[in-house]
Amino acid sequence: MHGMTGKQILVVEDEQPIREMIAFSLRRAGFLVREAENCRVAREQLVDRRPDLVLLDWMLPDMSGLELAKLLKRDKDTRELPIILLTARAEETDKVAGLEGGADDYMTKPFSPRELVARINAVLRRSGPGGGEDRIECEGLALDRASHRVTAGDRTVLLGPTEYRMLEFFMTHPERVYSREQLLDRVWGGNVYVEERTIDVHIRRLRKALAEHGRDSLIQTVRGAGYRFSALAH
Ligand code: CA
């Protein structure tokens, strides 16, 4: 069972053997994994770089996973972050409390790595921008989230992971201008130290990849403002 390659999962679990087992299974499935042993460390990691999904244990030493889930759902920066709660308890009332607390899914220990990967993939698919569509099409470009492939007609557009994320963001937010700062925040995640001219480098690479398929004009420079993905001429 393969995960969505390149997606970053934050695993919050205080029991080290369980955390390591989960992290190992997820890495083997192709996910990028970061680990936190309590809520404090998890919150630091969330500020550092926003993951694509949080696997959150219910019973943690400093604050319950449910409380953390509620906090994340109240904060506009993390409101859309998908959360899967893990628990050792199988009671239906816990499940309801977990889902009402803002979790997107709920898993009872023990679970198989295969089931975990399948559930993560399902939540990521549902929660992606663009209403959870697997496939986004625009101007003859097709971006398939399940396989992380971009095609122009029947040819594959070869992209690095950052260019892929950038294109995914642009295709789900077309016809709007984004400043470099906004792109940094939305594509790279908050509080990451990346110089703004790095954006220009990735834009150039993305254009170069699209140019091989005659689609580079979709990425437009808006002088003094930033960049826009648009099928319309300047
Ligand atoms: Ca625990």
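Note that these values count all heavy atoms, side chains included, but never hydrogens, waters or copies made by symmetry. Order of listing sets the numbers, starting from 1, for every ligand and every atom in it. As the structure is a prediction and not an experimental result, all values here were calculated from the model.
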Item to check | Main-chain N/O of Leu210 paired to Arg215 side chain as donor or acceptor, under 3.5 Å | outcome: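 Checking the backbone N and O of Leu210 against the side chain of Arg215, no donor-acceptor pair under 3.5 Å is found.
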
Checklist entry - Thr151 pairs by side-chain contact (heavy atoms from CB on, under 4.5 Å) with which of Asp144, Leu141, Thr156, Leu143? => result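 Of Asp144, Leu141, Thr156, Leu143, side-chain contact (heavy atoms from CB on, under 4.5 Å) with Thr151 is met by Thr156 alone.
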
Next on the checklist: I need the single residue from His173, Met166, Glu168 that forms a side-chain contact (heavy atoms from CB on, under 4.5 Å) with Phe170. Which is it?
Outcome noted: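 Exactly one option meets the side-chain contact (heavy atoms from CB on, under 4.5 Å) with Phe170, and it is Met166.
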
All salt bridge (charged side-chain N to carboxylate O under 4.0 Å, His left out) counterparts of [X], not counting sequence neighbours:
X	result
Glu35	Arg19, Arg27
Arg74	none
Arg205	Glu163

Item to check | Tally of protein N, O or S atoms, where distance to the Ca ion (ligand 1) is under 3.0 Å | outcome: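 Every protein N, O or S atom under 3.0 Å from the Ca ion (ligand 1) counted, the figure is 3.
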
